[in-house]
Amino acid sequence: MSAAPGKVHEIAIRKVKPGKADQFRERRAAFIKILKQQPGAGTDREFESFLAMPQPDDTDVFIGMTTYDSLTANAKIQRNIRVVWNFLRFARTMDLKAYVYVQPTEGPPFDLARLAAQPGQVLEVGVRRVTDRPRFDTTRRAFIDLLSEQTGVGESWEFEVVKGKKTDGLTVGMTVYDSRQAAEAAIGTLLEHPTTQAYFGTFEPVALQYATSTTNH
């Protein structure tokens with residue numbers, strides 16, 4: 001895949017292996033410390049998932065996101081032996097639900113440092129494998145319009161996947177909610193709505209997570 005110009009955002013949705021929670025946190029901290037020291041690596045955030053759809057997760061799930069100056073900068077970082085060694089240790093504690101690099105195509109200016117950063121805010125991250133692109137584009141816009149009308153629903157973004165694992169047909173969307181109550185109310189109101197059903201019929205869910213900001217130290 002050719003390098004995309006401009007900043008890219010890495011999204012790693014990780015399932016903690018059973019019995020590895022303490023090692024996951026320890027090795028994540030060590031890896032992130034080294035990663036943030038590298039030229040070209042910018043903001044790094046961590047989110048803890050509390051809800052997955054359509055099926056609940058059977059283990060703890062954390063979402064790591066990092067902004068890089070470019071795919072070229074990221075590729076250089078991934079060749080750094082200290083980064084590689086710390087990542088390989090970290091990787092033994094988890095399984096990936098989704099791993100992608102994205103660039104925003106719709107929504108307000110995207111700033112990872114400010115994303116769902118206020119106390120109590122919830123971030124919805126949807127990684128989906130689109131099966132009907134024309135209908136997906138049409139029904140998604142109708143769904144986002146409907147979602148945005150709900151109380152406590154904030155900004156939404158759509159992203160293009162520019163690199164990652166098993167990327168064929170993948171797209172990513174994000175929405176911020178004021179609170180867990182707002183997110184749960186929106187789900188309850190919209191899940192069976194015809195607009196939602198039409199939209200959900202155009203993709204296969206890879207990872208649909210609702211999460212709150214947490215530390216990666």
Min side-chain heavy-atom separation [X]-[Y] under 4.5 Å:
{"X": "Val162", "Y": "Val102", "answer": "no"}
{"X": "Leu170", "Y": "Val127", "answer": "yes"}
{"X": "Val16", "Y": "Asp95", "answer": "no"}
{"X": "Lys15", "Y": "Asp60", "answer": "no"}
{"X": "Lys7", "Y": "Leu112", "answer": "no"}
{"X": "Arg92", "Y": "Gln23", "answer": "no"}
{"X": "Lys20", "Y": "Met94", "answer": "no"}
{"X": "Ile187", "Y": "Met53", "answer": "yes"}

Taking atom types as modelled, is there a side-chain donor on [X] or [Y] under 3.5 Å from an acceptor on the other?
{"X": "Thr66", "Y": "Asp44", "answer": "yes"}
{"X": "Lys97", "Y": "Gln209", "answer": "yes"}
{"X": "Asp178", "Y": "Gln121", "answer": "no"}
{"X": "Tyr99", "Y": "Glu10", "answer": "yes"}
{"X": "Lys163", "Y": "Asn74", "answer": "yes"}

(Q) I'd like to know whether the aromatic ring centres of His9 and Tyr101 sit less than 6.0 Å apart in this structure. (A)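 Between Tyr101 and His9, which both carry aromatic rings, the centre distance is not below 6.0 Å.
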
**Q.** Parallel, tilted or perpendicular, as decided by the 30° and 60° cut-offs, for the rings of Phe24 and Phe90
**A.**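 Taking Phe24 first and then Phe90, their aromatic rings sit tilted (interplane angle of 30° to 60°).
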
Straight-line distance of [X] [atom1] to [Y] [atom2], nearest 0.5 Å:
{"X": "Leu96", "Y": "Ile13", "atom1": "CG", "atom2": "CD1", "result": "9.5 Å"}
{"X": "Tyr210", "Y": "Thr175", "atom1": "OH", "atom2": "OG1", "result": "8.0 Å"}
{"X": "Thr43", "Y": "Lys36", "atom1": "OG1", "atom2": "NZ", "result": "8.5 Å"}
{"X": "Ser156", "Y": "Glu124", "atom1": "OG", "atom2": "CD", "result": "7.5 Å"}
{"X": "Glu149", "Y": "Ile144", "atom1": "CD", "atom2": "CD1", "result": "11.5 Å"}
{"X": "Glu46", "Y": "Thr212", "atom1": "CD", "atom2": "OG1", "result": "11.0 Å"}

Could you report the tightest heavy-atom contact between [X] and [Y], atom names first, then the distance?
{"X": "Asn86", "Y": "Ala30", "result": "OD1-CB, 3.8 Å"}
{"X": "Asp168", "Y": "Arg129", "result": "O-NH1, 2.7 Å"}
{"X": "Ile63", "Y": "Ala211", "result": "CD1-CB, 3.9 Å"}
{"X": "Ala183", "Y": "Val122", "result": "CB-CG1, 4.2 Å"}
{"X": "Leu208", "Y": "Pro205", "result": "CD1-CB, 3.7 Å"}
{"X": "Leu147", "Y": "Ala186", "result": "CD1-CB, 4.2 Å"}

State whether [X] and [Y] are salt-bridged, where the test is any N-O pair (Lys NZ or Arg NE/NH1/NH2 against Asp/Glu carboxylate O) under 4.0 Å.
{"X": "Glu106", "Y": "Arg140", "answer": "yes"}
{"X": "Glu158", "Y": "Arg128", "answer": "yes"}
{"X": "Arg133", "Y": "Asp137", "answer": "yes"}

**Q.** Chi angles and distances behind the side chain to side chain contact (heavy atoms under 4.5 Å, CB included) call for Phe159, Thr105
**A.** CA-CA 5 Å; Phe159 299 84; Thr105 57; 5.7 Å; no

Quick check against the 3.5 Å criterion: does [X] have a side-chain atom that pairs as donor or acceptor with the backbone of [Y]?
{"X": "Thr202", "Y": "Ala198", "value": "no"}
{"X": "Thr196", "Y": "Leu190", "value": "yes"}
{"X": "Asp57", "Y": "Thr59", "value": "no"}
{"X": "Thr189", "Y": "Ala185", "value": "yes"}

Q: Using the side chain to side chain contact (heavy atoms under 4.5 Å, CB included) rule, take Val172 and Trp157 through it: C-alpha gap first, then chi angles, then the decisive distance, then the call.
A: CA-CA 8 Å; Val172 175; Trp157 294 265; over 6 Å; no

Q) Would Arg89 count as a cation-pi partner of Phe31, with NZ or CZ less than 6.0 Å from the six-membered ring centre and within 45° of the ring normal? A)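 Verdict for Phe31: no cation-pi partner in Arg89.
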
**Q.** Quiz item: cation-pi between Arg180 and Phe50, 6.0 Å / 45°
**A.**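 Judged by the rule, Arg180 and Phe50 form a cation-pi pair.
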
(Q) Apply side chain to side chain contact (heavy atoms under 4.5 Å, CB included) to residues Arg14 and Val61 and explain how you reach the verdict. (A) CA-CA 6 Å; Arg14 334 180 200 84; Val61 171; over 6 Å; no

Please answer: with hydrophobic residues joined when any side-chain heavy atoms are less than 4.5 Å apart, are [X] and [Y] in the same cluster?
{"X": "Phe143", "Y": "Val206", "result": "no"}
{"X": "Val153", "Y": "Val176", "result": "no"}
{"X": "Met174", "Y": "Leu51", "result": "no"}
{"X": "Val130", "Y": "Val125", "result": "no"}

**Q.** Trace of the side chain to side chain contact (heavy atoms under 4.5 Å, CB included) decision for Phe47 with Leu115
**A.** CA-CA 10 Å; Phe47 297 86; Leu115 183 67; 4.3 Å; yes

Q: Please indicate whether Asp111 has more than 12 foreign heavy atoms, meaning atoms of other residues, nucleotides or ligands, lying under 6.0 Å from its CG.
A: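 Atom CG in Asp111 is packed in, count exceeds 12.
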
